[in-house]
Amino acid sequence: MVKFLIFRGERGEGTFKEYEVPYQEGMVVLDGVLYIQSRFEGDLSVRWNCKAAKCGSCAAEINGKPSLMCKTRVEHLSQPIKVEPLRAYPHIKDLVADTSWNLRTRRKIIKDVGFKPRKDASWIMKDEDIEKGREFRKCIECALCLDVCHVLREHQLFEKFVGPAYLVFSAYLETHPMDSVDRISWLKEEAGIMYCNITKCCTEVCPEEIHITDNAIIPMKERVADRYFDPIKMLIRKIVGK
Ligand code: SF4
Ligand code: SF4
Ligand code: FES
């Protein structure tokens, strides 16, 4: 048998309840949660879709670590296995958190600094051009990185910082070979990229193994620093008045 402690409750109020589920070879945490839902707790709220680590909807905190329930094997975990909702977000019920901020943030980025092709763009893409953004396109928007990021989780700066997943999305737009948008001032002023202090916690939990900090955030932070904090460039801007 496998012992689970599942968070039950609404709007942040609640408690952990213990369940026992028969072990099956290859069992993942989502199997256990769905067994509990079908046998013991018909009203247990849990979000999932693909069961293949591709839709990102089964994100939860498992033994304190943001993880995908459908990708986390029970044999690798200490018991009882504690499953709770993503804690950075407002709680709705049981294992479901309100992650609608993610959708709003993505929409806002598309509206404000989305992709605009260069006027002279030749629409023939080379393999090496496609390669540049390939890593960032793997993002499944599971929100694990957002949940673990202390800027959002502890400091709740959702209005000031777009968070690692949407910096990955911005990095994807930046690497598009036909991109014409200058996002540097947006990254500093609206996306709040300077709130990131490169702790790399986001990279550690990414199920797609995207090098969020090294490949997406640091290069963009460097571009912001070059423009705004390089003393020579600042002097030139002062002289030319830009
Ligand atoms: S960057 Fe990784 S952890 Fe973050 S949302 Fe995308 S896939 Fe999930
Ligand atoms: S590296 Fe930056 S974005 Fe990633 S968790 Fe740390 S502060 Fe957040
Ligand atoms: S159910 Fe789709 S990622 Fe887990």
Side-chain angles (χ1 to χ4, degrees), residues 26-35 37 44-62 64-74 83 85-89 95-97 99-107 109 133-175 187-188 190-222 224-225:
M27 186 177 180
V28 292
V29 170
L30 185 61
D31 291 324
V33 170
L34 294 181
Y35 184 95
Q37 189 191 49
L44 171 64
S45 295
V46 52
R47 204 182 265 143
W48 67 284
N49 270 293
C50 69
K51 211 166 180 279
K54 283 297 158 211
C55 73
S57 53
C58 69
E61 295 188 13
I62 301 171
K65 183 181 175 197
S67 315
L68 294 180
M69 286 190 275
C70 71
K71 202 183 178 187
T72 310
R73 294 270 189 107
V74 301
V83 190
L86 299 179
R87 293 296 193 187
Y89 293 91
L95 300 180
V96 178
T99 52
S100 55
W101 174 87
N102 299 0
L103 200 55
R104 289 198 298 280
T105 302
R106 185 187 176 85
R107 282 191 185 137
I109 293 173
R134 195 185 296 278
E135 179 184 18
F136 306 137
R137 279 201 306 277
K138 288 195 304 179
C139 174
I140 57 171
E141 289 188 69
C142 62
L144 298 183
C145 59
L146 299 162
D147 186 59
V148 84
C149 175
H150 66 101
V151 182
L152 301 173
R153 189 186 181 96
E154 270 114 58
H155 304 291
Q156 290 283 304
L157 292 177
F158 284 92
E159 296 309 316
K160 295 188 171 168
F161 181 51
V162 296
Y166 297 103
L167 289 173
V168 167
F169 180 52
S170 309
Y172 163 63
L173 295 170
E174 286 281 293
T175 52
L187 281 166
K188 177 173 173 283
E190 307 293 326
I193 194 167
M194 291 327 224
Y195 281 107
C196 166
N197 54 0
I198 319 286
T199 56
K200 299 199 181 188
C201 317
C202 49
T203 303
E204 280 164 27
V205 298
C206 179
E208 289 294 326
E209 296 180 359
I210 300 170
H211 296 92
I212 302 174
T213 29
D214 286 352
N215 293 351
I217 298 178
I218 293 175
M220 291 193 299
K221 275 188 93 162
E222 282 172 355
V224 171

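Positions are given from 1 along the sequence. All ligand and atom numbering here is 1-based and tracks the order in the structure. None of the values given here were measured: they were computed from a predicted structure.
Interface of His150 with ligand 2, defined as ligand atoms under 4.0 Å from a residue heavy atom, comprises 7 (S). When each atom of ligand 1 is checked for a heavy atom of Glu141 under 4.0 Å away, the hits are 5 (S), 6 (Fe). For ligand 1 and Ile140, the ligand atoms under 4.0 Å from any heavy atom of the residue are 6 (Fe), 7 (S).
In His211, the NE2 atom is not crowded: 12 or fewer heavy atoms of neighbouring residues, nucleotides or ligands sit closer than 6.0 Å. With a 6.0 Å radius and a threshold of 12 heavy atoms from other residues, nucleotides or ligands, Arg107 has its CZ atom at or below the threshold. By the neighbour-count criterion of 12 heavy atoms within 6.0 Å, atom CD of Glu209 is sparsely surrounded, having that number or fewer from other residues, nucleotides or ligands. More than 12 heavy atoms of other residues, nucleotides or ligands sit less than 6.0 Å from atom NZ of Lys138.
Taking all atoms of both residues into account, the shortest heavy-atom contact from Thr72 to Leu68 is OG1-O, 2.7 Å. Among all heavy-atom pairs drawn from Val29 and Val74, the shortest one is N-CG1, 3.9 Å. Taking each heavy atom of Glu174 and Met220 in turn, the nearest pair found is CG-SD, 4.1 Å.
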### Query
Which is it for Glu141 and Asn102 under the side chain to side chain donor-acceptor pair (under 3.5 Å) test, yes or no, and what are the steps along the way?
CA-CA 8 Å; Glu141 289 188 69; Asn102 299 0; over 6 Å; no
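Side-chain contact check for Phe169 versus Leu173: some heavy-atom pair is nearer than 4.5 Å.
Note: Tyr89 and Phe158 have tilted aromatic rings, judged against thresholds of 30 and 60 degrees for the angle between ring planes.
Ranking protein heavy atoms by distance to atom 8 (Fe) of ligand 1, first place goes to Cys142 SG, 2.3 Å. Given atom 6 (Fe) of ligand 1, the protein heavy atom at minimum distance is Cys139 SG, 2.4 Å.
In this structure, of Cys145, Pro207, Ala165, the residue bringing a heavy atom nearest to atom 4 (Fe) of ligand 1 is Cys145.
For atom 2 (Fe) of ligand 2, the nearby protein N/O/S atoms, meaning those under 2.8 Å, are Cys196 SG.
Look at Asp147 and Arg153 and you find a salt bridge, because one of the NZ, NE, NH1 or NH2 atoms lies within 4.0 Å of a carboxylate O, short of that distance.
Ordered by chain and residue number, the residues placing a heavy atom less than 4.0 Å from ligand 3 are Trp48, Asn49, Cys50, Lys51, Ala53, Lys54, Cys55, Gly56, Cys58, Cys70.
Of the candidates Pro164, Cys196, Cys149, Pro164 is the only one forming a side chain to side chain contact (heavy atoms under 4.5 Å, CB included) with Ile212.
Distance alone, capped at 3.5 Å, is enough to place a donor-acceptor pair between the Gln156 side chain and the Ala88 backbone.
With 2.8 Å as the limit, Cys206 counts as an N, O or S neighbour of atom 2 (Fe) of ligand 1.
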